Novice: 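Submitted below is the structure of interest, expressed as structure tokens.
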4 protein chains.
Amino acid sequence: MKKLTILINCDDQSGIIATVTNFIANNNGNIVYIDQHVDREQDIFFMRLEGEFETDHFDIDAFKNNFKINLAEHFKMKWRIYEANNKPKMALFVSKYDHCLYDILGRYNSGELDLEIPFIVSNHNTLRPIADSFNIPFYHIPVTKDTKAEAEDAQLKLCKTFDIDFIVLARYMQIVSSKIIDQYPNKVINIHHSFLPAFVGAKPYHSAYKRGVKIIGATSHYVTEELDAGPIIEQDVTRVSHTHAIEDLIAKGRDLEKIVLANAIKLHLKRKVMVFNNKTVIFS
Amino acid sequence: MKKLTILINCDDQSGIIATVTNFIANNNGNIVYIDQHVDREQDIFFMRLEGEFETDHFDIDAFKNNFKINLAEHFKMKWRIYEANNKPKMALFVSKYDHCLYDILGRYNSGELDLEIPFIVSNHNTLRPIADSFNIPFYHIPVTKDTKAEAEDAQLKLCKTFDIDFIVLARYMQIVSSKIIDQYPNKVINIHHSFLPAFVGAKPYHSAYKRGVKIIGATSHYVTEELDAGPIIEQDVTRVSHTHAIEDLIAKGRDLEKIVLANAIKLHLKRKVMVFNNKTVIFS
Amino acid sequence: MKKLTILINCDDQSGIIATVTNFIANNNGNIVYIDQHVDREQDIFFMRLEGEFETDHFDIDAFKNNFKINLAEHFKMKWRIYEANNKPKMALFVSKYDHCLYDILGRYNSGELDLEIPFIVSNHNTLRPIADSFNIPFYHIPVTKDTKAEAEDAQLKLCKTFDIDFIVLARYMQIVSSKIIDQYPNKVINIHHSFLPAFVGAKPYHSAYKRGVKIIGATSHYVTEELDAGPIIEQDVTRVSHTHAIEDLIAKGRDLEKIVLANAIKLHLKRKVMVFNNKTVIFS
Amino acid sequence: MKKLTILINCDDQSGIIATVTNFIANNNGNIVYIDQHVDREQDIFFMRLEGEFETDHFDIDAFKNNFKINLAEHFKMKWRIYEANNKPKMALFVSKYDHCLYDILGRYNSGELDLEIPFIVSNHNTLRPIADSFNIPFYHIPVTKDTKAEAEDAQLKLCKTFDIDFIVLARYMQIVSSKIIDQYPNKVINIHHSFLPAFVGAKPYHSAYKRGVKIIGATSHYVTEELDAGPIIEQDVTRVSHTHAIEDLIAKGRDLEKIVLANAIKLHLKRKVMVFNNKTVIFS
């Protein structure tokens, strides 16, 4: 069995679902999952479909070509077709904080994340021993104001060399420029340590403490040019009170950050996230 | 436009989705919502579909008949087709507690619940003034051990007279017998004041207090013969601590109960709940 | 038994707790509850204490005077002493939305809120029938740009006439000016329909929808001169997804708003909230 | 400065707080934290107090002795006095699951947990590489039905050798007998993968799936003779739906388990937990 995941979005029109499901049936495919969403504000149609096809009669390139000519062009679709057996390759960018790194590598090691991690890159050498203990190549690329452009060139080169599919900033603490974002649009996942859009930018736990909020949060989003303003993939929150000092917020926040980032990675790698107009549709 | 909601479940088979979506298209319908689920443990297929049909050419009886002959019998489906303009009629059973009643009537009055409430019935007269203030007929049918059978006959007669679609037990505090359940299978909604299956039966807050749990809950479920064991529609929880006495748990629980029950009512009346094997599939 | 609640805050110093507890003991009082907090950032000490005193030997005025001379002046305390049998009087300001009003009046009617509601005031006549059905005087004071000052004078006069202790803005939808705030400092409770500080100001659900957040919230706070920036008393949140349209966010938000506002009212009336530096200490 | 944490419980009586706070003052101590709770059902008084004492004039043994003679015996208190600089020693019992182990060791490595982990013991060799990578001694003590008694002897011997203060069962998957529990009363912390008291015993995620609950949970508790019935320290929950297969519940549950267990460990090591009548008082 060949398993495919198909993601579609286009202007909402009559007959899309019937046409697509017919197309699958005519290609001797069986639909094992279908979900759809219409954004009524903007009249945009979104669809996620998983199908199984008998491999003896199945030519993926012909299928894609037929899909393009018979469906995509007709409905003016944006579309992607993924083969289930292709393991995504994820680059990990870290700095000095280790909690998200430990969490991701622990999940990776136990088989929870169905992906490859060809390398970890950091602007500091601090976390190298952790990378070593999990047997993952670690690259130290220092970043200063003056060397940022070259550092990003080196990072990009690594990503190209290892044929990276997406990048995860696991508390990387550096702003990633458009040089990288443009190469990986909606493919750079960040974890921000606040409940966005509250407390954009640096030191959000300090701001949360100062404001006296009763709940703190963490947000995982795709990175865009505007700081902390990209499409939100996942958020979670936890209660705090006046008894919590800033360091308590930071400690409680770490637990949020690692769980939220891990969930965002899982949604992305299962191709459950579609982005439109700076928002996400999550087919979960 | 004629709007229909179609609910289907059957053994999982190839081609169901394509066949159904084709059927809609061939009847000049447009699918505005489709969601589907396959229970992989039991190989059962579930589907919920909303379609719009041009009324000039649309004969609902012929459509249903064709659906039955061409689809339902072929795939051995259990199916229901609802017309959107039919407002469900809901009977409210209450006892002495008023928080769920106030909450439901407040929502009803402000138009949040798209249904009719032909009457409220109670085994006590306590809440009659509330029913009066909302101009809803109130029937006092006392229930004692000896008169329970006759009381349920009277309740059923009311339900039949007013052509009730479903019954909500808004902290009714009486066990409803199979006499009523059999007439309204998966159509009697109860709110139980615990996080089921923990604390089945009477005085769950007392049991929760005694056990020293750190979280309490409420559960809305369809009533079945076995006490508090029917299919769960909705649950929610809230944190508690050693500082909360039993009366605090009861007060916090009231807020859970009314929100959980209201959400269950909304899911039911939008035909988003399917029941199979004592579990629910919620297409939300 | 005379029951008192004592709230204290002052610069943190050695010996406060022992001195206060001694003072209670020397006045033949028994401490039934004590809680304390030190804000380590600002070195401020907070304390809440409930004591019982035998009424035969107890002179409240002498007690207060002794407290002032022997404790408060020595430690430079800000302090308040409440007698338990004094029921707070709450003014309700509403506009056209009824969900918070129904919720508060339902709780009031069932005895959950240990307070008096001498009147409801509104800039519209819409909710008068609800006030009538609960037998609470309803005053219609229209507010326009030009008449705002006079309207607030009339509102203040009502508050003075009825000897109001605190004001609740139950989705009042008007900005209250310093004329009222200054008369009721940290005694005007608002419910804002977002997770502050995200989405300050008008139409927060529309902003939340546009930003594509995965969690929405509600915030109850004391009103200060700066819009939606006063000390936060209580917050809560609920999950949303791309499937929720703006009207769905509004509906889900209503449930948050009424629960959060009710909790804030309960904390305030039990004298569990202390305000310092635009933040709250909640002794729960 | 000598820092002490004092935990007290006894029958509720007048004057306890004043007497204790006086005692601290008379010993030239400053109270930096005091919290107290009265269980009104059973009339039991609980207190947690942190005090600082100038070391030049402070004799811990004399202090404890005076406390015993002047306070504890008078009020018939159960009491414990901890010195802040004593790092608790924690034994980790594991089996084959690694998520809680990674989580605990990650926190330990980054300094989040202020304790020592002298060893990890397991009935399997599976997790030895993880222990090695964190440089913590790993003991493999196989457990079979026939060898259980000897295995527990060996475990106990390890605990005694390393002067263990408390034991954490990090998904240990074996029932610990009274032989160990009696030596470490309220000092053996377990993580159970359900929202207790729902789904006691083996395979709770399977039971949760079968029952069709909409929320799953995890519970950390002290181990007592009765299975999964000991005093609950911490619980947390997360939403699930019909779309989640059993393996999805297990994956989501892992995240709950590790956070809940870590929180329970932190509460225990900060001496914030008191146990009475199979329930906990958590001074947080």
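Sequence lines set the chain letters: A, B, ... in the order given, protein chains first and strands last, and positions in each chain run from 1. In this text the structure is predicted, and so the values were computed from the model without any measurement.
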Novice: Please output the residues of residues 264-284 of chain D in contact with chain C, using a heavy-atom cutoff of under 4.5 Å, in numerical order.
Specialist: none

Novice: Quick check on the structure: residues of residues 20-39 of chain C within a heavy-atom distance below 4.5 Å of chain D, by number.
Specialist: Thr21(C), Asn22(C), Ala25(C), Asn30(C), Ile31(C), Val32(C), Tyr33(C), Ile34(C), Asp35(C), Gln36(C), Val38(C)

Novice: In terms of heavy-atom proximity below 4.5 Å to chain C, should Arg40(D) be classed as side chain, backbone, both, or neither?
Specialist: side chain

Novice: Taking atom NZ of Lys187(C) as the centre, report whether more than 12 heavy atoms of other residues, nucleotides or ligands fall under 6.0 Å from it.
Specialist: no

Novice: What do you reckon, is NZ of Lys210(D) surrounded by more than 12 foreign heavy atoms closer than 6.0 Å?
Specialist: no

Novice: Near Tyr97(C) OH, under 6.0 Å, is it more than 12 heavy atoms from other residues, nucleotides or ligands?
Specialist: no

Novice: For Glu54(D), does the CD atom sit with more than 12 other heavy atoms under 6.0 Å from it, leaving out its own atoms?
Specialist: no

